[in-house]
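Only heavy atoms go into these numbers, but all of them, side chains included; no hydrogens, no water, no symmetry mates. This chain uses plain numbering: 1 for the first residue, then up along the sequence.
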Amino acid sequence: TRPTLDPAASDWLLETAWGADLHVMGRRAYRAMAARWGRSRRPEAAPFNRIGKAVFSNTLAEAHWPQTVIMTGDLSGEVRRLKASRGGYALVHGGARLARSLIEADLIDEYRLLIHPTLVREGVTLFERTPQLDLQSRESFPSGAIGAVYRPKDFSSADVGHGPAGSS
């Protein structure tokens, strides 16, 4: 666990996970999450095991984690179809490449970010271009982490609850 993932921050993440009706991820995030949560009996594993999962991959041959569908079609088209067919929101996990593709296709309705007070020298950035975001809510945790919810400035409030949400 991260040193900034105190019980209050963990509760915020768990609430976010339970709020989703679909977990969306790429192949690498799928493999990591299936290994971590797939066999876990810990209470925080429940939303990951009980809620459906869509994995976008052209190379993953089969998925052994229950309630997982492998998506090999056009990312934008498939996500638009998923958004239209679901009642709640999809939570996107890991993978800057997947997140960037969704951002560029204007398919992110809300960003739910857990921001850790850690400086990183290198890595992959989430945003290639800087979007204009409106802060919807924020919560500070004892460890110094912050849970923040943002929406794109041009986001229609009529779309709330019907699209992917990013999380980190």
[atom1]-[atom2] distance between [X] and [Y], expressed to the nearest 0.5 angstrom:
| X | Y | atom1 | atom2 | answer |
| --- | --- | --- | --- | --- |
| M25 | K53 | CE | NZ | 7.0 Å |
| L114 | I146 | CG | CD1 | 9.5 Å |
| S57 | R31 | OG | CZ | 7.5 Å |
| R80 | K83 | CZ | NZ | 7.5 Å |
| N58 | T72 | CG | OG1 | 6.5 Å |
| H23 | L91 | NE2 | CG | 6.0 Å |

Check [X] against [Y] and note the closest heavy-atom contact, atom names and distance.
| X | Y | answer |
| --- | --- | --- |
| A17 | I51 | O-CD1, 3.5 Å |
| S10 | L5 | OG-CG, 3.4 Å |
| S143 | P117 | O-CG, 4.2 Å |
| E110 | P152 | N-CD, 4.5 Å |

Among the clusters formed by ILVMFWY side chains lying less than 4.5 Å apart, do [X] and [Y] turn up in the same one?
| X | Y | result |
| --- | --- | --- |
| L22 | Y30 | no |
| L75 | I103 | yes |
| L82 | V55 | no |
| V24 | L14 | no |
| V79 | L98 | yes |

By ring pair (Phe, Tyr, Trp, His ring centres under 6.0 Å), F56 pairs with (sequence neighbours left out) none
Check the surroundings of atom CZ in R81: do more than 12 heavy atoms from other residues, nucleotides or ligands lie under 6.0 Å from it? yes
Hits for salt bridge (charged side-chain N to carboxylate O under 4.0 Å, His left out) against R28, two or more places apart or cross-chain, chain-then-number order -> none
With sequence neighbours left out, the residues meeting salt bridge (charged side-chain N to carboxylate O under 4.0 Å, His left out) with D21 are R86
- Message: Please check this pair: side chain of T16 against backbone of W12, looking for a donor-acceptor N/O pair closer than 3.5 Å.
- Response: yes
Stepwise, does the side chain to side chain contact (heavy atoms under 4.5 Å, CB included) test hold for L113 with Y150?
-> CA-CA 8 Å; L113 305 172; Y150 296 93; 4.3 Å; yes
Aromatic contact, H93 with F48 (centres under 6.0 Å): yes
Residue set satisfying side-chain hydrogen bond (donor to acceptor under 3.5 Å, both in side chains) with E44, at least two apart, ordered chain then number -> R42
Enumerate, atom names and distances included, each donor-acceptor pair closer than 3.5 Å involving a side-chain atom of residues 131-139, sequence neighbours excluded.
unit_1 : atom_1 : unit_2 : atom_2 : d
D134   : OD1    : K153   : NZ     : 2.8
Q136   : OE1    : R151   : NH1    : 3.1
Q136   : NE2    : D134   : O      : 3.4

Side-chain donor-acceptor pairs under 3.5 Å in residues 61-71, sequence neighbours left out?
unit_1 : atom_1 : unit_2 : atom_2 : d
W65    : NE1    : N49    : OD1    : 2.7
Q67    : NE2    : R50    : O      : 2.9
T68    : OG1    : W65    : O      : 2.7

